[in-house]
Amino acid sequence: MKVNYKIVGEGFPIIMLHGNGENHHEFDQLVKDLNDYQCILIDASYDGKISYQKLCDDVVAVVQELKLNAFDIIGFSDGGIIALMLAMQLDSVQHIITLGANTRPGMIKTFFLVNSIIRLICLLPFCIYQKKARLSFKLTKMMLLEPHISYESLTDIKIPALIMAGEYDLIKEEDSKNIANALPYGILRIISHGNHFLLRDYYKQTYKEIRLFLDICHKED
């Protein structure tokens, strides 16, 4: 299955990976502000059976098609999960930034977890005749069953990593802290008063942290 992607600008490449059921437009403002980088925006393919590993494989296919030898990744929510998984699989990943990533379903706060289960049940009758409902069911189910990333496995990611989350994120803060602590070169930034949607609702604070991290990393390079 062909993976849709868009390339904007020139400079060191940054792959941007969106959240569950969304698309690359989540990064519109960030792309404008990171105009000294080449931004590679990938829209996830949700055809057929899906899993986080399949979404990883789709990104690898784009990397191979573009013949990228070195690149960074910025991933939001599901995209952050994929960023962590790719950093464990590819030596070509140089730096990663995650926003609201989790290591397993149990690290979603109880209220949001229960809400997702209720959503899954409510979607069932609509799945019979509505394609959109079937996709939403599939994506919600994946989020409730995956990922399964151990903190121990993250110790193999020996590159600089910025782990971001909102103070009131739907992901438990302990998970964000444990991810950053497990990474040999992990940095944790919790955005004060922020929610899960940092690029939408707390953009200025979030962009400031992203820009500082990238500038330091690439200055050292």
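For the atom pair CG (Leu162) and CG (Leu214), the distance works out to 8.5 Å, reported to the nearest 0.5 Å. Note: Gln89 CD to Ile157 CD1 = 10.0 Å, rounded to the nearest 0.5 Å. Taking CG from Leu55 and CD from Gln53, the interatomic distance works out to 9.0 Å, rounded to the nearest 0.5 Å. Rounded to the nearest 0.5 angstrom, Asn181 CG and Thr155 OG1 are separated by 12.5 Å.
The backbone N or O of Asp175 sits nowhere less than 3.5 Å from a side-chain atom of Asn178 that would complete a donor-acceptor pair.
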Start with the C-alpha gap between Ser77 and Asn20, add the side-chain angles, then the distance that decides, and say whether side-chain hydrogen bond (donor to acceptor under 3.5 Å, both in side chains) holds. CA-CA 7 Å; Ser77 198; Asn20 189 293; over 6 Å; no
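Under the 3.5 Å distance criterion, with hydrogens and angles disregarded, a donor-acceptor pair is assigned to the side chains of Tyr5 and Glu65. Using modelled atom types, one finds a donor on one side chain and an acceptor on the other under 3.5 Å when comparing Asp78 with Tyr52. A donor atom on one side chain and an acceptor atom on the other are not found under 3.5 Å apart for Asp43 and Asn23. In this structure, a donor-acceptor pair under 3.5 Å is present between the side chains of Gln29 and Asp33.
The heavy-atom pair separating Ile81 from Ala101 by the smallest distance is N-CB, 3.8 Å. When all heavy atoms of Ile82 and Cys56 are compared, the closest pair comes out as CG2-SG, 3.6 Å. For the pair Phe137 and Cys127, the tightest heavy-atom approach, listed with the atom from each and the gap, is CB-SG, 3.6 Å.
Cluster partners of Phe126, using a side-chain heavy-atom cutoff of under 4.5 Å among ILVMFWY residues and allowing indirect links, are Ile128, Tyr129.
Aromatic ring centres of His196 and Phe76: separated by under 6.0 Å.
Side chains of Ser176 and Met107 form no contact here, defined as non-hydrogen atoms less than 4.5 Å apart.
Remark: Lys32 does not engage Asp28 in a salt bridge, criterion side-chain N to carboxylate O under 4.0 Å.
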